[in-house]
There are 2 protein chains.
Amino acid sequence: MGVTDDFLRERGRGLLSHDEIAVLEGAIDRVETFPARTAITRRGDRVRESTLLIEGAMCRYLDARDGFRQLLAYHVPGDFVDMHGYTLHRLDHDVATIVESRVAMVPHDRIDAIMRDAPRLAKMLWRSTLLDAAMHREWIFRLGRLDAAGRIAHFVCEVQARMEAIGRVKDGAFALPLTQQDIGEACGLTSVHVNRTLRRLREEGVADIGRGEARIADPRQLARIGEFDADYLYLDDGPWGDTDD
Amino acid sequence: MGVTDDFLRERGRGLLSHDEIAVLEGAIDRVETFPARTAITRRGDRVRESTLLIEGAMCRYLDARDGFRQLLAYHVPGDFVDMHGYTLHRLDHDVATIVESRVAMVPHDRIDAIMRDAPRLAKMLWRSTLLDAAMHREWIFRLGRLDAAGRIAHFVCEVQARMEAIGRVKDGAFALPLTQQDIGEACGLTSVHVNRTLRRLREEGVADIGRGEARIADPRQLARIGEFDADYLYLDDGPWGDTDD
DNA sequence: CGGAGTGTTGATATTCCTCAACGCGTGTGG
DNA sequence: CCACACGCGTTGAGGAATATCAACACTCCG
């Protein structure tokens, strides 16, 4: 469990006490590795543990009648992927990996114990579900009010901000292991239209997205196109939240 | 505070102990009445209390550059409107009334006390934010995957299900105090297109929506058009959640 | 070597938006 | 009491954005 331990220490930097890190680490039952493009849980499943993504990329989605999916969330390392399964017990959507991923499994009864014994930590877990909801809200905005370029730009800005927060952006570039089809399923567009829109963004010198990564040439312009404001990610409060008040 | 008391008793029917109802009631600082179409809190505001809608209708939204809003949620009596403000401290969107509304105000420090002293109740509050997120997810699906008729149908189905859960549907009809512009802002459509789509739904004998109410003539067909499945509302678990395990 | 998945491009169809006009009801001030 | 403005719903005509259908190139991998 050493890797998990390092991971938590790094993510908790200064905000969690030694005891709290120990409690969180103790809540992890095991770490599993799933291959790329694999469904972990399905809509309707009764869940008894929640998952913390340690390495890789995951997503959550709903299936539509026409066979396409609507992505609901994109997950980067450090995200609690389905903390909402705790309390709701049953999933209302599917969860899957995008690339091979390492995932820490946290049984719900251990979260019960945290709720009981470590209220500060409990509030952090709650907070992670609230951040999730805040992101959902921006996805609603993106789909309801923006055109194709705006939706893609907004999505890419969000992922960049979150990757930046975990130190995974180098010179404006970061891993984005999504096909154009995937991006379409995140943004409510066909893959064909995603293709044309990405080409435009590339030709206009805004961003080059493809081959598993995103290179943002003009972040300001990208944010303008996507009407993006990172406020909703509450990044100023640090990865584990501003729980001092 | 008698009205609040009755309200809580009715909503908590059998699921909350006498003590728990007392705690919840004690958390309410006061009840305020706001006129129709009034913003209660704004994006970026620091919030120190959360609001429980007792009577009326409210919504939450984000503003777009073009001056239009994107609605994020529609609230009926019994909803905690911004429980997420607790823990997140700052709002990432606006909250407003749609019609004149009575709202119970719950200071955050009293929620702290509930977290500390009444974990079962705390879990219920958490649960309300998770239900909120589940609804957000369906809104994402609606906007990303459905056409105009589907979006409106899905939205109306959701409101019907929630109104039903609080006993406010009579003969397939319920209050829906929204203009076509509002519906457009909920569904990512222009009011003109909402108008044409509502006409079609009416002419096809599916639903008649307007003049402040919705009359659902063919619920099955409406659900089919909107690819609606009420699972995500977790209504089987009762208004306060299935917290027995 | 063949096949599947992905990215790319073109031609055409459809949905939805934009702009514009008008009716109707309601409230309001003269 | 009338005149008028305003918000809302309604309808029409034309245009823009996006989907659909189809074909083909490229890469990776069995």
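Within every chain, numbering begins at 1; the chains are lettered A, B, ... in the order of the sequence lines, protein sequences first and strands thereafter.
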Length of the CG-P vector between A:Leu198 and C:dT8, whole Å: 8 Å

Any side-chain heavy-atom pair of A:Leu233 and A:Leu131 under 4.5 Å: no

Side chains of B:His75 and B:Arg60, donor plus acceptor under 3.5 Å: yes

Between C:dC16 (P) and B:Ile183 (CD1): distance, integer Å: 16 Å

Output field: ring centroids A:His84/A:His93 closer than 6.0 Å: yes

Student check: side-chain heavy atoms of A:Arg43 and B:Asp231 closer than 4.5 Å: yes

Where protein sits on nucleotides 16-30 of chain D, one letter per nucleotide: B base, S sugar-phosphate only, - none, heavy atoms under 4.0 Å: --BSBB---------

Plane angle bin for A:Phe155 and A:Trp139 - parallel if under 30°, tilted between 30 and 60°, otherwise perpendicular: perpendicular

Under 3.5 Å: donor-acceptor pair, side chain of A:Arg69, backbone of A:Leu62: no

Distance test, side-chain N/O of B:Asn195 to OP1/OP2 of D:dG9, below 4.0 Å: no

Protein-nucleotide distance (B:Arg200, atom CZ; D:dT11, atom C1'), rounded to Å: 16 Å

Interatomic distance where CD belongs to B:Gln181 and C1' belongs to C:dC17 [whole Å]: 13 Å

Spacing between B:Ile152 atom CD1 and C:dT15 atom C1', to the nearest angstrom: 13 Å

